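Let me begin by presenting the structure, written as structure tokens, before commenting on it.
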Amino acid sequence: MVTRTVDLRSDTVTKPTEAMRAAMANAEVDDDVLGFDPTAARFESEMARIMGKEAALFVPSGTMGNLISVLVHCEVRGSEVILGDNCHIHIYENGGISTIGGVHAKTVKNNADGTMDISLIEAAIRHPEGELYYPTTRLICLENTHANCGGRCVSVEYTDRVGEIAKKHGLKLHIDGARIFNASAALGVPVHRLVQAADSVSVCMSKGLGAPVGSVIVGSKSFISKAKRLRKTLGGGMRQVGILCAAAFVALKDNVGRLEDDHRKAKMFADGLNQIKGLKVDTASVETNIIFFDILEGSNVKVENLCKFLEEHGILMLPVSASSVRIVLHHQISENDIQYALSCIQQAVLQFQAGNDGK
Ligand SMILES: *Cc1c(COP(=O)(O)O)cnc(C)c1O
């Protein structure tokens, strides 16, 4: 019988806290599609202020936030967007920018730290004046923190550089900032400064910040007014949405300050994994709350078997390849949970190694 669950698959698995549930129960609400929900209005204006932009819009998910943002910047069908080949928009969002928006993706290689080489970005820009063959570049997208690169932070200097290039070529810059507050905490840079160069940012409230549902996009007033129309088109207009915004408000107040602790726990977890023979984590790359660990060749441990063993002990992790596993820390994982998970992993590895040696 499993008596506890330590869910390390993602920071999306966080459950709303008592304070969030209370705020939801007491939220003052009205029809937000008609524009009258006071809690949504207050939350959006607070997010705009924190992010240093003119306006904000609550949307059902990060995926919709990115889709709306890209489509607003690329109003003309056949526009091109430059984005990293390992980014969330390109890999995990069903190709919505092309299937729904008619936007063409021009991928540039993502470096291990989540950036793309500036020279490659510049080389990818296409201004087809008079040319019959090329789509027109209208947008560059960055991701911060970069999830598939292990939650690496993209620096303010780099972001500013990309912003300058975008400006120089008359392009817009969008940041998929699903975990931008993690980047801000880890870099020690205020979030509004980190996204200063961006024309739009999408921020997930339902990742490490722990809200049950929702993301926010921020940008200029005119960007947000177009975004609002598109949100309605996509079926994302929600009536008494203040119920959700109330929870997101609590996430903002209570949980932004806790992210640093998630990062500390991730480092502790990574150090523990490195003590286990047969496993390896590049600890320098653990900058925020995400860890990728590798199973070394010849260790006789299979990812599948390891994850199955752990699941039987109530520990959930996400296998990402034949030799690596992803762990994500969040505020509902305690140090005790980490010690328990590490001891189960150690036990599993020893058992598999012994089993194989005995053959
Ligand atoms: C989770 C995530 C999204 C999408 O958010 P959903 O709310 O799951 O649609 C977008 N970008 C990144 C980097 C993410 O981690």
Side-chain angles (χ1 to χ4, degrees), residues 7-16 47 51 56-71 81 83-97 99-101 105 107 110 112-116 139-154 159 173-186 191 194-195 198 200-218 227 230-231 234-236 238 241 244-245 247-248 251 255 259 262-263 266 287-292 318 320 326-330:
D7 195 340
L8 301 161
R9 290 170 302 172
S10 179
D11 45 11
T12 55
V13 302
T14 43
K15 308 284 198 298
M47 279 302 288
M51 302 297 292
L57 187 68
F58 188 84
V59 291
S61 68
T63 301
M64 193 188 283
N66 284 331
L67 179 63
I68 289 173
S69 300
V70 173
L71 267 51
V81 52
L83 35 63
D85 64 352
N86 202 14
C87 77
H88 197 283
I89 295 176
H90 189 58
I91 296 186
Y92 300 116
E93 300 183 9
N94 276 312
I97 60 168
T99 56
I100 296 175
T107 56
N110 266 128
D113 65 0
T115 63
M116 299 171 270
L139 176 67
I140 302 172
C141 291
L142 296 177
E143 184 173 316
N144 198 7
T145 65
H146 199 293
N148 262 7
C149 290
R152 299 287 293 272
C153 302
V154 175
T159 307
L173 173 62
H174 171 71
I175 298 178
D176 176 355
R179 295 188 182 83
I180 195 75
F181 283 99
N182 292 82
S184 163
V191 73
L194 203 46
V195 302
S200 60
V201 188
S202 63
V203 183
C204 281
M205 302 310 298
S206 62
K207 298 269 164 87
L209 295 181
V213 179
S215 279
V216 180
I217 50 182
V218 298
L230 202 45
R231 181 184 67 174
L234 294 169
M238 296 173 286
V241 73
L244 300 178
C245 292
N255 293 345
L259 295 174
D262 295 345
H263 302 169
E287 295 179 352
T288 58
N289 65 329
I290 300 176
I291 304 168
F292 285 101
L318 215 60
V320 287
R326 189 181 86 157
I327 289 172
V328 185
L329 275 295
H330 53 78

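In each ligand, atom 1 is the first atom listed, and ligand 1 is the first ligand listed. Here the structure is a predicted model, which means the values were calculated and not measured. Below, all heavy atoms of this structure are taken into account, side chains as well, without hydrogens, waters or symmetry copies.
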What does the 4.0 Å heavy-atom contact list look like for ligand 1?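 Lining ligand 1: Ser61, Gly62, Thr63, Asn66, His88, Glu93, Glu143, Asp176, Ala178, Arg179, Cys204, Lys207.
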Just wondering, do [Y] and [X] contact through their side chains at under 4.5 Å, heavy atoms?
{"X": "Asn86", "Y": "Ile91", "result": "yes"}
{"X": "Leu318", "Y": "Ser10", "result": "no"}
{"X": "Val70", "Y": "Glu93", "result": "no"}

Is it true that Asp113 and His146 share a donor-acceptor pair across their side chains at a distance under 3.5 Å?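 The criterion, which ignores hydrogens and geometry beyond distance, is not satisfied for Asp113 and His146.
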So among Asp11, Thr288, Asn144, which one has a side-chain contact (heavy atoms from CB on, under 4.5 Å) with Arg179?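 Checked Asp11, Thr288, Asn144 against Arg179; only one passes side-chain contact (heavy atoms from CB on, under 4.5 Å): Asp11.
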Sequence-distant partners of His263, ring pair (Phe, Tyr, Trp, His ring centres under 6.0 Å), two or more places apart: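 Scan of His263 (ring pair (Phe, Tyr, Trp, His ring centres under 6.0 Å), adjacent residues dropped) gives none.
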